[in-house]
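The structure appears right after this line, and notes come after that.
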Amino acid sequence: MQQRSLQSLFLYRYRFIIGSFFALIAFMALLYAAWLFIPGGLTEGEQTSVVKSHTMLSQLLSFGDLVNAPYHLLQQASLHFFGVRLAAIKLPSILIGATLALLIFMLLRQWFKDATALLIAVITLTTGQFAVLAQNGTPYIMSIFWPALILALATSLMRAKHQLTRGALGLVLAACVGLSLYTPLMIYFYGAVALSLFSHPAQRLRVKRASRVSLIGTVLLIAVAALPLGVSIIKQPGLLGQLLGIHLPLRSPVEVWNNLIETYRLSLSPTGGHLIIPIISIGVMALALLGFVQIMRHSYAIRSHLFLAWFALAMIPLLLSEEGTALFFIPLIMFSAAGLSWLFERWYTLFPRNPYPRVFGLGLILCLTAITVLIGLQRFNYGYRYDPVLTHGYSQDIPILHSHLSRDSTAKVVLLVTDEHADFYRALADRGQTHYGKQLLVATSIDDAEAQAGTDGTVIIERQATFTGHSPSGELKRILVNDRQKEADRFYLYRQQ
């Protein structure tokens with residue numbers, strides 16, 4: 001009677017739907033804040049990504065550098081429609097990050113119970129580290145997105161019952177596999193998939209029973225999707241090293257080890273770069289270690305084969321460069337889910353019929369989850385807003401310049417910048433007439449800037465460029481500043497006379 005009355009309660013019957021709804025609201029709010037407000041700037045990597053995206057269509061037509069081409073094409077479309085501004089640069093990563101979160105939640109629900117899936121999704125997705133990853137306007141997130149999408153499509157394909165649905169999912173899966181080959185490190189993921197397929201008897205049998213026509217068609221579709229990349233590699237063999245995560249000169253084993261310790265060590269404050277250290281919280285690391293042990297104990301399972309092979313092969317790019325940490329993201333989440341699932345099962349086995357300790361244990365897990373999430377959000381908020389080391393890595397020049405150009409009525413503006421930033425600002429100037437209603441020009445010397453500005457233009461000098469060449473002849477009208485304590489003067493505005 002008591003169990004029946006409990007199950008008749010609305011909140012109890014729809015507890016996972018309600019919990020998922022509130023988790024989604026929290027995640028979208030965090031993603032929105034990371035998109036526009038925190039950290040609120042651009043890294044050097046994001047500026048480099050903008051430069052490559054600006055010319056990606058021409059690179060595709062000429063079979064040039066096509067590494068990360070799908071992401072750069074998406075970013076190029078965003079820059080074309082919205083201009084080179086903070087929101088447009090980060091928009092592709094935001095959309096991909098939101099899709100990635102849904103894919104991860106789908107995978108968790110397919111492989112684990114609802115309670116485990118929801119709690120792990122909250123712990124891993126509503127954290128500052130994932131928010132920073134999702135707002136980073138570089139292709140880095142693609143090394144996480146593609147494996148999640150491939151696994152979700154493959155799982156749906158194996159569970160599909162109708163032949164038409166299976167055919168459609170097979171075509172989409174083959175196309176996604178071909179496009180994912182443009183992303184670095186994906187070769188290691190497919191190596192892990194192949195290793196798990198041929199090492200597990202059930203998977204070998206599935207491959208043997210598969211239709212030869214379907215297999216040949218799948219291979220052909222993958223080859224067609226990856227054909228431009230193959231031509232690009234033939235023309236520039238060095239691109240293969242980028243896809244493998246090999247960056248010359250190679251690092252020494254001592255340097256690799258020190259970098260791993262620095263990245264994953266326990267620390268209460270950031271020490272450098274663009275991420276808060278450690279990038280993995282203590283609670284998640286403990287759950288992952290526990291889950292790794294459980295997966296090792298159940299290594300006969302198909303998913304255990306996959307994640308153990310994935311974990312082993314992911315060590316190769318990790319030893320080559322910092323980009324290798326991206327391949328550990330999905331296995332880390334699954335290891336954590338396996339650890340939490342074991343905790344639930346173990347606790348409920350100890351008290352199979354007594355409801356009080358069951359509720360008490362669930363309450364402790366919920367409290368630990370809430371503490372982990374709140375601490376992560378607090379470190380994200382204060383770290384990326386006030387820590388001098390982290391904030392220094394995010395430039396606010398584009399938001400400042402965009403705000404000024406949107407209000408200024410001058411018809412012609414010349415940007416005087418350094419040689420290192422010239423290509424980035426040329427991408428900004430390319431859409432100046434469309435998005436700002438004025439002519440934007442870029443110069444790297446004061447003489448060229450004054451000549452292009454003429455007598456009715458404005459010269460905006462980047463802070464780094466003020467220390468080269470002679471002083472401008474125009475009248476200083478304004479200094480554009482940010483809210484930082486040091487090096488707050490970012491641009492100098494001179495009106496030509």
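In this chain, residues are counted from 1 in sequence order.
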Q) Are Cys176 and Leu153 close enough, and set up right, to give a side chain to side chain contact (heavy atoms under 4.5 Å, CB included), and what steps lead you there? A) CA-CA 9 Å; Cys176 290; Leu153 289 174; 3.9 Å; yes

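- Taking the six-membered ring for Trp, Phe307 and Phe292 have ring centres at least 6.0 Å apart.
- Taking CG of Leu91 as the start and CG of Leu74 as the end, the distance is 7.5 Å to the nearest 0.5 Å.
- The two residues Asn482 and Gln396 make their nearest non-hydrogen contact at CB-OE1, 3.1 Å.
- From Ile333, atom CD1 reaches atom CD1 of Ile123 across 11.0 Å, with rounding to the nearest 0.5 Å.
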Q: Would you sort out whether Tyr71 and Ser53 count as a side-chain hydrogen bond (donor to acceptor under 3.5 Å, both in side chains), showing the intermediate values?
A: CA-CA 8 Å; Tyr71 180 89; Ser53 298; over 6 Å; no

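- Residues Thr458 and Val414 are not in side-chain contact: their nearest non-hydrogen atoms beyond the backbone lie 4.5 Å or more apart.
- Under the 3.5 Å distance criterion, the side-chain polar atoms of Gln294 are left unmatched by any main-chain donor or acceptor of Ala338.
- Counting heavy atoms from C-beta on, the side chains of Leu441 and Val413 never come closer than 4.5 Å.
- Summarising the geometry of Ile141 relative to Leu133, their closest heavy-atom pair is CD1-O, 4.1 Å, with the distance given to 0.1 Å.
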Q.
One pair to check against side chain to side chain contact (heavy atoms under 4.5 Å, CB included): Phe328 and Met315. What are the steps and the verdict?
A. CA-CA 9 Å; Phe328 284 95; Met315 294 297 296; 3.5 Å; yes

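- The two residues Lys52 and Val67 make their nearest non-hydrogen contact at NZ-O, 2.9 Å.
- A heavy-atom distance below 4.5 Å is not found between the side chains of Tyr182 and Leu243.
- When all heavy atoms of Ser341 and Phe112 are compared, the closest pair comes out as CB-CD2, 4.2 Å.
- Applying the side-chain contact (heavy atoms from CB on, under 4.5 Å) test to Thr418 and every residue at least two apart in sequence or in another chain returns Glu420, His421, Glu462, Gln464, Ala465.
- The closest donor-acceptor contact from the side chain of Ser62 to the backbone of Ser58 lies under 3.5 Å.
- Separating the CG atom in Leu66 from the CD atom in Gln59 is a distance of 7.0 Å, to the nearest 0.5 Å.
- Distance check: Tyr140 OH to Leu185 CG gives 8.5 Å after rounding to the nearest 0.5 Å.
- In this structure, Thr218 contributes its side chain and Ala174 its backbone to no donor-acceptor pair below 3.5 Å.
- Residues Asn68 and Pro139 come closest through the heavy atom pair CG-CB, 3.4 Å.
- In this structure, the separation between CG on Leu480 and CD1 on Ile461 is 11.5 Å, given to the nearest 0.5 Å.
- Under the 3.5 Å distance criterion, the side-chain polar atoms of Lys90 are matched with a main-chain donor or acceptor of Gln135.
- The backbone N or O of Ala312 lies less than 3.5 Å from no partner atom in the side chain of Tyr188, so there is not a single donor-acceptor pair.
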Q) Under the side chain to side chain contact (heavy atoms under 4.5 Å, CB included) criterion, do Ile460 and His404 qualify, and how do the steps go? A) CA-CA 11 Å; Ile460 300 180; His404 170 75; 3.9 Å; yes

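- Put simply, the side chain of His54 reaches to within 4.5 Å of the side chain of Asp430, judged on heavy atoms.
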Q. Can Leu173 and Leu169 be said to form a side chain to side chain contact (heavy atoms under 4.5 Å, CB included), step by step?
A. CA-CA 6 Å; Leu173 177 60; Leu169 287 174; 6.0 Å; no

Quiz: residues 94-110 side-chain donor-acceptor pairs under 3.5 angstrom, not counting sequence neighbours:
unit_1 : atom_1 : unit_2 : atom_2 : d
Thr99  : OG1    : Leu95  : O      : 2.9
Arg109 : NE     : Asp114 : OD1    : 3.1
Arg109 : NH2    : Asp114 : OD1    : 3.2

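- Minimum heavy-atom separation, Thr155 to Leu151: OG1-O, 2.7 Å.
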Which pairs of donor and acceptor atoms, one on a side chain in residues 189-197, lie under 3.5 Å apart (sequence neighbours left out)?
unit_1 : atom_1 : unit_2 : atom_2 : d
Tyr190 : OH     : Ser180 : OG     : 2.5
Ser196 : OG     : Ala192 : O      : 3.3
Ser196 : OG     : Val193 : O      : 2.8

Side-chain polar contacts of residues 142-150 - donor-acceptor pairs under 3.5 angstrom, sequence neighbours left out - could you list them?
unit_1 : atom_1 : unit_2 : atom_2 : d
Ser143 : OG     : Pro184 : O      : 3.3
Trp146 : NE1    : Thr183 : OG1    : 3.0

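- A donor-acceptor pair under 3.5 Å is formed between the side chain of Trp310 and the backbone N or O of Leu327.
- In this structure, a donor-acceptor pair under 3.5 Å is present between the side chains of Ser49 and Gln75.
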What donor-acceptor contacts under 3.5 angstrom involve side-chain atoms of residues 222-232, with partners at least two apart or in another chain?
unit_1 : atom_1 : unit_2 : atom_2 : d
Ser232 : OG     : Gly64  : O      : 2.3

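- Interatomic distance, CG of Leu308 versus CG of Leu313, reported as 11.0 Å (0.5 Å rounding).
- Here the side chain of Thr43 pairs a donor or acceptor atom with the backbone of Glu46 at under 3.5 angstrom.
- Asp423 places no side-chain N or O within donor-acceptor distance of the main-chain N or O of Tyr425, the cut-off being under 3.5 Å.
- Remark: Ser395 pairs with Asp397 by the side-chain hydrogen bond (donor to acceptor under 3.5 Å, both in side chains) rule, at least two apart or across chains.
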